[in-house]
Structure formats: structure tokens, C-alpha cells
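Only heavy atoms go into these numbers, but all of them, side chains included; no hydrogens, no water, no symmetry mates.
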Amino acid sequence: QVQLVESGGGLVQAGGSLRLSCAASGRTISRYAMGWFRQAPGKEREFVATISWSGTSTYYADSVKGRFTISRDNAKNTVYLQMNSLKPEDTGVYYCAANHALYGSTLYSDYDVWGQGTQVTVSS
């Protein structure tokens, strides 16, 4: 069973950048598509980005397109989310998730394994 641990969250001013990491253990994630979701206070968890098993295919929510970049290093069993030009509305808990499929999904229910999340707070 895969375990996921996110890191890299924190407090940043609007316009700043953060890089989130998702380290996997237990087994390789090389045959998993991976995704990032976020949840703001009082709101449902929402899709942010996903990447295929090989890293050659990515897809983003419209709200983060052009500002966020998802990537992976299968040799390190790690997935990243580079977040630039952050806005206060990007504030929330960011979760990494693994989908036992070759290509990612925007659907919460398609993901089999979840991390505990890392808090991102963007001040105005």
C-alpha cells in the first residue's frame, strides 16, 4: 500500500511562490497517476492538477492554469506542485492523491490513496 506525505506548505504573500512535495513510500508510484486537490475552509475539496504515470500528460483546473505546474520524479517516488503568482483564493489545505491508473482524473472518487495534506495560506 502506498503512503503519501505532503510538505512545503506555509504562509506567503500574494504574488509569491511555493513548491509542494508529495513523498510516497510503501511501494513505487511509477504506475500511478497522481493528483493535487485543495480544500478551503467551508468548501468542498476541489481538483487542482493531475499528471500521468510517465509525466508526459498533465491537466489543470482553469483557476490555476498558467500559474501552477505539476511534475514528478519516479526515481525519487515524489510528485511536486510548483505554485507561482499565488492569490488569496489559493488558500487551503493541499492534498496529494494517487490513482491506480496510467492517466489522471479530475474526480475525487477516482483516487485510491490520499495524504494528510499541507496548509497553504496566501495573504493579501
Side-chain angles (χ1 to χ4, degrees):
Q1 180 73 347
V2 175
Q3 291 88 42
L4 303 174
V5 178
E6 303 93 337
S7 62
L11 173 64
V12 64
Q13 288 188 332
S17 298
L18 284 174
R19 188 194 196 202
L20 305 184
S21 297
C22 172
S25 62
R27 63 183 301 176
T28 178
I29 58 169
S30 61
R31 293 295 180 178
Y32 286 77
M34 301 296 294
W36 287 95
F37 287 73
R38 68 187 181 189
Q39 189 166 17
K43 295 187 177 181
E44 293 188 352
R45 197 169 297 190
E46 66 173 357
F47 167 76
V48 175
T50 186
I51 189 166
S52 63
W53 69 278
S54 63
T56 57
S57 178
T58 58
Y59 186 78
Y60 299 90
D62 287 343
S63 59
V64 307
K65 201 171 295 182
R67 300 187 297 122
F68 290 11
T69 302
I70 187 171
S71 62
R72 66 190 298 161
D73 185 338
N74 285 341
K76 294 183 178 180
N77 231 23
T78 301
V79 179
Y80 305 96
L81 185 68
Q82 177 66 45
M83 306 187 296
N84 298 329
S85 302
L86 283 161
K87 304 175 181 180
E89 52 263 43
D90 294 319
T91 293
V93 178
Y94 282 69
Y95 297 91
C96 174
N99 177 9
H100 202 181
L102 297 182
Y103 292 93
S105 170
T106 63
L107 300 178
Y108 171 93
S109 57
D110 283 341
Y111 289 82
D112 309 293
V113 182
W114 291 83
Q116 293 180 324
T118 184
Q119 176 70 45
V120 171
T121 304
V122 184
S123 63
S124 58

Undergrad: Side chain to side chain donor-acceptor pair (under 3.5 Å) for Thr78 and Asp73? Distances and angles first, verdict last.
TA: CA-CA 5 Å; Thr78 301; Asp73 185 338; over 6 Å; no
Undergrad: Rounded to the nearest 0.5 Å, how far apart are CD of Gln82 and CZ of Arg67?
TA: 12.0 Å
Undergrad: Once rounded to the nearest 0.5 Å, what's the spacing between atom CD of Gln119 and atom CZ of Arg38?
TA: 12.0 Å
Undergrad: To the nearest 0.5 Å, tell me how far Arg72 CZ sits from Ser52 OG.
TA: 7.0 Å
Undergrad: Would Val79 end up clustered with Leu20 when hydrophobic side chains under 4.5 Å apart are linked, directly or stepwise?
TA: yes
Undergrad: As a test of understanding, state which of Leu81, Thr50, Val64, Ile51 forms a side chain to side chain contact (heavy atoms under 4.5 Å, CB included) with Trp36.
TA: Leu81
Undergrad: Run the ring-ring contact (aromatic ring centres under 6.0 Å, His included) test on Phe47 and Tyr60 for me, step by step, so that the C-alpha distance in whole Å, both residues' side-chain angles and the decisive distance to 0.1 Å come before the verdict.
TA: CA-CA 8 Å; Phe47 167 76; Tyr60 299 90; 8.2 Å; no
Undergrad: When the side chains of residues 99-107 are checked against the rest of the protein, which donor-acceptor pairs come out under 3.5 Å, sequence neighbours left out?
TA:
unit_1, atom_1, unit_2, atom_2, d
Ser105, OG, Leu107, N, 3.0
Ser105, OG, Asp110, OD2, 2.6

Undergrad: Side-chain heavy atoms under 4.5 angstrom apart, residues restricted to Ile, Leu, Val, Met, Phe, Trp, Tyr: same cluster for Val48 and Leu86?
TA: yes
Undergrad: Can you name the closest pair of heavy atoms from Asp90 and Val120 and give their distance?
TA: O-CG1, 4.3 Å
Undergrad: Atom OG of Ser85 and atom CZ of Phe68: how far apart are they, to the nearest 0.5 Å?
TA: 9.0 Å
Undergrad: In Å, rounded to the nearest 0.5 Å, how long is the span from CE of Met34 to OG1 of Thr58?
TA: 14.5 Å
Undergrad: State, to 0.1 Å, how close Ser123 and Leu11 come at their nearest heavy-atom pair, and which atoms those are.
TA: CB-CD1, 4.4 Å
Undergrad: What pair of heavy atoms forms the shortest contact from Gln3 to Gln1, and how long is it?
TA: NE2-O, 3.0 Å
Undergrad: With a sphere of 6.0 Å drawn around NZ of Lys43, does it hold more than 12 non-hydrogen atoms of other residues, nucleotides or ligands?
TA: no
Undergrad: Cluster question for you: counting only ILVMFWY and a side-chain heavy-atom cut-off of under 4.5 Å, with indirect links fine, are Val5 and Val93 together?
TA: no
Undergrad: Should Leu4 and Cys22 be marked as a side chain to side chain contact (heavy atoms under 4.5 Å, CB included) after you check the CA-CA gap, both sets of side-chain angles, and the distance that decides it?
TA: CA-CA 6 Å; Leu4 303 174; Cys22 172; 3.9 Å; yes
Undergrad: Hey, what do you get for OG (Ser30) to CG (Asn77), rounding to the nearest 0.5 Å?
TA: 7.5 Å
Undergrad: Taking Glu6 for its side chain and Gln116 for its backbone only, find out whether a donor-acceptor pair lies under 3.5 Å.
TA: yes
Undergrad: Test of understanding: clusters of I, L, V, M, F, W, Y form through side-chain heavy atoms closer than 4.5 Å, transitively. Do Tyr94 and Trp114 belong to the same one?
TA: no
Undergrad: In terms of hydrophobic clusters joined by side-chain contacts under 4.5 Å, are Tyr32 and Ile70 together?
TA: yes
Undergrad: Are side-chain heavy atoms of Tyr80 and Arg19 found at a separation under 4.5 Å?
TA: yes
Undergrad: Identify the heavy atoms of Asn84 and Ser17 that sit nearest to each other, and give their distance.
TA: OD1-OG, 2.9 Å
Undergrad: Please confirm whether the backbone N or O of Val122 pairs with a side-chain atom of Thr91, one donor and one acceptor, at under 3.5 Å?
TA: yes
